[in-house]
Amino acid sequence: LLLRRSALRGMLRCHDRGQVETHSDRDGCGLVSRRHPHGRFAGIEGENVKTFLKEVLLPLLIALCLAAFFKPVYMADGVCDYFLMWLCVGFPFGIRRMCLWLVPFGYGISGTVGIFALNIIIGGLEASLRRFAHYDYWDDAVRPSILVEAQADLLLYGMGEKVIAQLIEQLAKGTDIHQIRNIRGTCYLCSQDEIPADSVSCASYRKVAENKESYAKAHQIQNEWQDAVYGKIIVQKQTDTEYLVQNPPMQTLTREELDHVFQLPFTRTYHPSYEAMGGVDAIKEVEFSIMQNRGCFGNCNFCAITFHQGRQVVSRSEESIIAEAEEMTRNPRFKGYIHDVGGPTANFRYPSCKKQLEHGLCQNRKCLAPKPCPAMDIDHSEYVDLLRKLRKIKGVKKVFVRSGIRYDYAIADPDPTFMQELVKYHISGQLKVAPEHVSDAVLTRMGKPENSVYQAFTKKYKKINQEIHKEQYLVPYL
């Protein structure tokens with residue numbers, strides 16, 4: 001038994017201030033507490049007491065009984081085999097509860113009494129976007145870092161390949177996970193005394209939850225330092241005693257490293273467990289799509305891509321992409337149509353300029369808005385060449401580009417070849433673009449080019465269609 005704070009969402013929780021009042025969690029997985037102004041424990045009665053007895057005391061009594069019953073199994077010569085004890089005591093609860101805490105924060109003398117079996121690491125898109133205090137649409141409220149609510153030991157943000165490799169290397173050496181605080185692309189919780197000296201801080205969870213301007217300024221600080229070259233450690237206070245520390249982003253993968261990732265034996269389909277439910281219809285659009293790049297230097301103010309994948313674009317080599325396309329043609333489900341060759345933005349193949357490789361991307365400036373930066377390298381030649389090679393592969397009937405393209409980047413290219421071949425060969429009747437709005441005042445705040453740029457693209461798109469006698473449409477999504 002270990003003393004540890006826990007505030008796992010979906011279990012009965014008790015806050016430091018106010019009476020606990022419960023309601024069903026939106027996922028249907030338990031009770032979630034809310035504050036009430038009339039005392040801390042006044043509301044823990046009736047159904048709450050039953051829940052406490054069922055979810056806390058009963059499992060604890062069962063665990064103690066099992067521990068006594070299996071004691072001869074895991075004890076030998078007065079020495080306890082703790083792993084064997086964990087298996088013997090935990091198996092009735094299932095693997096999920098064997099790996100989590102049983103008692104929520106608020107009922108222990110100095111925190112939480114619970115059974116702790118494994119270190120918990122969280123990551124992926126949801127964890128990345130919720131690493132700081134964030135607005136939750138379902139709750140219509142600002143929530144603290146997911147690291148606080150999940151009470152995990154470490155959070156990995158970003159795409160994660162290098163982060164995982166470095167983390168595994170340190171864990172393999174026997175390093176305590178709570179001592180691993182030097183890996184880029186990770187977040188952890190610490191006390192005020194442990195905050196790194198060379199860090200920048202943003203407004204606390206409490207402040208951003210109460211004030212929209214503080215929220216906006218905190219996000220600006222978080223966004224300004226999300227750069228692998230000059231990025232700094234960012235700190236945000238979460239509770240009275242806990243501070244979230246975000247290390248700088250991990251360096252972007254090289255083209256060779258990204259190729260290596262896509263050489264892994266992906267199944268290109270959903271998990272077999274979904275077969276009993278009739279499969280997953282959405283797989284039809286993505287099963288035969290090719291991701292050719294990662295990252296986006298568009299950096300629109302409302303978009304989360306740069307906060308997860310970063311602003312520096314990296315793309316796969318032609319050889320890697322062609323090999324994937326050739327592998328598709330050997331799939332019995334392939335009908336000859338590659339549905340997409342794209343990514344966050346389909347027509348980006350390289351970083352926006354060479355300066356950023358040494359100095360990082362410009363702070364508080366955008367590559368494309370309100371006007372394209374004079375230092376930006378605008379070149380579609382490699383993407384055009386790639387699409388030509390894919391069209392020639394035996395068994396491929398059609399290659400589509402269905403990811404959104406940056407129309408402002410496309411028409412800024414003095415070479416018209418990309419626009420001409422895109423319209424002629426790679427549209428299935430409709431092309432998706434994202435003007436996002438029609439008001440220049442709103443577009444400026446969104447970090448997008450003014451509406452006249454979209455109108456110029458529309459005019460050029462229609463002209464090319466008329467020249468090749470095709471009737472194809474634009475699908476602008478706002």
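Note: hydrogens, waters and symmetry copies are ignored here, and every other heavy atom, side chains too, is used.
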Taking [atom1] in [X] as the centre, count heavy atoms belonging to other residues, nucleotides or ligands within less than 6.0 Å. Is the count above 12?
X: E213; atom1: CD; result: no
X: K212; atom1: NZ; result: no
X: M376; atom1: CE; result: yes
X: E326; atom1: CD; result: yes

Taking the six-membered ring where the residue is Trp, are the ring centres of [X] and [Y] under 6.0 Å apart?
X: H380; Y: Y409; value: yes
X: F288; Y: Y337; value: no
X: H219; Y: F307; value: yes

Got [X] and [Y] here, is their nearest side-chain heavy-atom distance under 4.5 Å?
X: Q170; Y: N182; value: yes
X: I305; Y: H308; value: no
X: N451; Y: S439; value: no
X: F132; Y: I234; value: yes
X: Y350; Y: D377; value: no
X: V433; Y: F457; value: yes
X: V142; Y: H134; value: no
X: P248; Y: W225; value: no

Please find the pair of heavy atoms, one from [X] and one from [Y], that lie closest to each other, and give the distance.
X: L387; Y: V399; value: CD2-CG1, 4.2 Å
X: A325; Y: I338; value: CB-CD1, 4.0 Å
X: E324; Y: S289; value: OE2-O, 4.0 Å
X: Q236; Y: Q222; value: NE2-NE2, 3.9 Å
X: K448; Y: P435; value: CE-O, 4.2 Å
X: A203; Y: K207; value: CB-CB, 4.1 Å

Set of side chain to side chain donor-acceptor pair (under 3.5 Å) partners for K460, sequence neighbours left out:
none
Taking atom types as modelled, is there a side-chain donor on [X] or [Y] under 3.5 Å from an acceptor on the other?
X: S191; Y: E194; result: yes
X: Y188; Y: D153; result: no
X: T417; Y: E421; result: no
X: Q246; Y: Q226; result: yes

Test side chain to side chain contact (heavy atoms under 4.5 Å, CB included) applied to L422 - qualifying residues, sequence neighbours left out:
V401, I405, F418, H426, I427, L431
Would you say [X]'s side chain and [Y]'s backbone share a donor-acceptor pair under 3.5 angstrom?
X: S128; Y: G158; answer: yes
X: N247; Y: R181; answer: yes
X: T458; Y: Y454; answer: yes
X: R184; Y: A228; answer: yes
X: Q356; Y: L361; answer: no
X: K366; Y: G447; answer: no
X: Q363; Y: E224; answer: yes

Can we say [X] and [Y] salt-bridge, meaning some charged N sits less than 4.0 Å from an Asp/Glu carboxylate O?
X: R316; Y: E256; result: no
X: R255; Y: D259; result: no
X: K232; Y: D198; result: no
X: E149; Y: R130; result: no
X: E257; Y: R294; result: no

Let me confirm one number: the [atom1]-[atom2] distance from [X] to [Y], rounded to the nearest 0.5 Å.
X: S145; Y: L244; atom1: OG; atom2: CG; result: 4.5 Å
X: I378; Y: D415; atom1: CD1; atom2: CG; result: 12.0 Å
X: L258; Y: S320; atom1: CG; atom2: OG; result: 7.0 Å

Applying side-chain contact (heavy atoms from CB on, under 4.5 Å), run through L156 and I122 and close with a yes or a no.
CA-CA 6 Å; L156 314 186; I122 57 177; over 6 Å; no
E382 pairs by salt bridge (Lys or Arg N to Asp or Glu O under 4.0 Å) with which of K389, R349, R388?
R349
If the test is side-chain hydrogen bond (donor to acceptor under 3.5 Å, both in side chains), which one of N347, D340, T345, N293 qualifies with S403?
D340
cation_pi(R391, Y425) dist<6.0 Å, angle<=45:
yes
Kindly confirm or rule out a cation-pi arrangement of R268 over F266, judged by NZ or CZ under 6.0 Å from the six-membered ring centre and within 45° of its axis?
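No cation-pi geometry.
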Using side-chain contact (heavy atoms from CB on, under 4.5 Å), reason through I121 and L155 one step at a time and then give a plain yes or no.
CA-CA 6 Å; I121 302 168; L155 183 152; over 6 Å; no
Tell me every residue that passes salt bridge (Lys or Arg N to Asp or Glu O under 4.0 Å) with R311, counting only those two or more places apart in sequence or in another chain.
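So R311 forms no salt bridge (Lys or Arg N to Asp or Glu O under 4.0 Å) with any residue.
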